[in-house]
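Read through the structure below, which is laid out as structure tokens, and then see the notes.
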Amino acid sequence: MQEFLKKPGFMVSSGTLGADLSYLLAVVFTLLFLVAWWMAKKGQSTRHHKLALISMISMVTYFVAYYYARNLGALAAEGKEGFGGPPEIYDNVFSPILFIHISLVILGLILGPYLIVEGYRACDKVGGEYVLKPGVLKADPKKFIRIWLWILGLWGVMEVFCLIRGKPWQAQLAYFLIFATIALVVGLEKLIEKWLPDGARRHRILGRVTMIMFALILVTSTATYLMLYVIYPLKAATG
Ligand code: HEM
């Protein structure tokens, strides 16, 4: 698989198949989210909910499959080795953009699933259509504890699975970090409830922030792609 993704790309001569595929899919997913935003703005709430759900599931599936195939962090490592431009540009322009891009992707992967769950909680179905219901939306504290226990249980199962399969400690650490992040986000809900008690307003405000983030992910991934494969490809540096 690694070899397949390193084959020459189809968009520009210096690109790889992995980079082209990754960039094109990033464009497709971002556009799907922006269309879902436009649907919500036009009051097409059920279409909005379906498209947001489909886009989120496909984006997460793609991320897991792609980064698993290319070994986690390949994108970050690719910068140093594959960047053909001057070191000042790498340090002052490319690296900060890549850092912002990865941070936004991580935040987007947290906020997206959060909004899917919050979207269902904040909606009522009226005549077959989802409608955001105004009013305070708070989760029952007992439910919180149950959710945390589930997270703890699932993390335990994954760790046992890692031990049985003899996975390296890095894999165990990765699972710990993933489950700790999920537990933290569930905990953050308490803070968010205080800050934005109205469920409908919470969905609209956090939804817009997330959509703007998805648009910025597209901008930063385009900049990264252009710098790596069009403006400063490795060939230009090595002759
Ligand atoms: C990644 C997931 C999601 C994001 C980023 C998102 C984002 C948004 C945004 C930005 C708006 C406000 C549009 C505007 O006025 O600018 C909105 C409205 C809405 N969303 Fe979502 N949403 C998501 C998932 C969901 C889900 C899963 C549901 C339902 C189960 C849902 C139901 C609604 C409804 C009913 C509205 C109101 C539309 C109207 O004003 O008629 N959303 N969403």
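First listed ligand is number 1; within each ligand, the first listed atom is number 1. If you're wondering where the values come from, they're calculated on a predicted model, not measured in any experiment.
- Nearest protein neighbour of atom 15 (O) of ligand 1, counting heavy atoms only, is Arg208 NH2, 2.9 Å.
- For Phe179, the CZ atom is densely surrounded, since the number of other residues' heavy atoms within 6.0 Å is greater than 12.
- Every atom of ligand 1 with a heavy atom of Phe33 under 4.0 Å away is listed here by number and element: 1 (C).
- Only the side chain of Met211 comes within contact range of ligand 1, with a heavy atom under 4.0 Å; no backbone atom does.
- In Lys133, the NZ atom is crowded: over 12 heavy atoms of neighbouring residues, nucleotides or ligands sit closer than 6.0 Å.
- Side-chain N/O atoms of Asp20 and Tyr225 include a donor and acceptor closer than 3.5 Å.
- Interatomic distance, Leu104 CG to Thr210 OG1, rounded to the nearest 0.5 Å: 11.0 Å.
- The aromatic rings of Phe83 and Phe94 sit tilted relative to each other, their planes meeting at an angle between 30° and 60°.
- Remark: minimum distance from atom 41 (O) of ligand 1 to any protein heavy atom is reached at Gly43 CA, 3.5 Å.
- Annotation for Ala122 and Ala200: closest pair CB-N, 4.5 Å, computed over non-hydrogen atoms.
- Near Lys41, meaning under 4.0 Å from one of its heavy atoms, ligand 1 places the atoms 14 (C), 15 (O), 16 (O).
- Taking the six-membered ring where the residue is Trp, the centroids of Trp155 and Phe176 are separated by under 6.0 Å.
- Within the structure, the closest approach of Phe214 to ligand 1 does not fall below 4.0 Å when heavy atoms are considered.
- Shown here are the protein N/O/S atoms lying under 2.8 Å from atom 21 (Fe) of ligand 1, water excluded: His48 NE2, His203 NE2.
- If you number the atoms of ligand 1 from 1 as listed, the ones under 4.0 Å from a heavy atom of Trp37 come out as 10 (C), 13 (C), 14 (C), 16 (O).
- Near Ile116, with a cut-off below 4.0 Å to any heavy atom, the atoms of ligand 1 are 2 (C), 27 (C).
- Judged by distance alone, the side chains of Thr222 and Tyr23 do bring a donor and an acceptor atom under 3.5 Å apart.
- Hydrophobic clustering of Ile, Leu, Val, Met, Phe, Trp and Tyr side chains at less than 4.5 Å, counting indirect connections, unites Met11 with Leu218.
- Tyr130 has its ring centre no less than 6.0 Å from the ring centre of His48.
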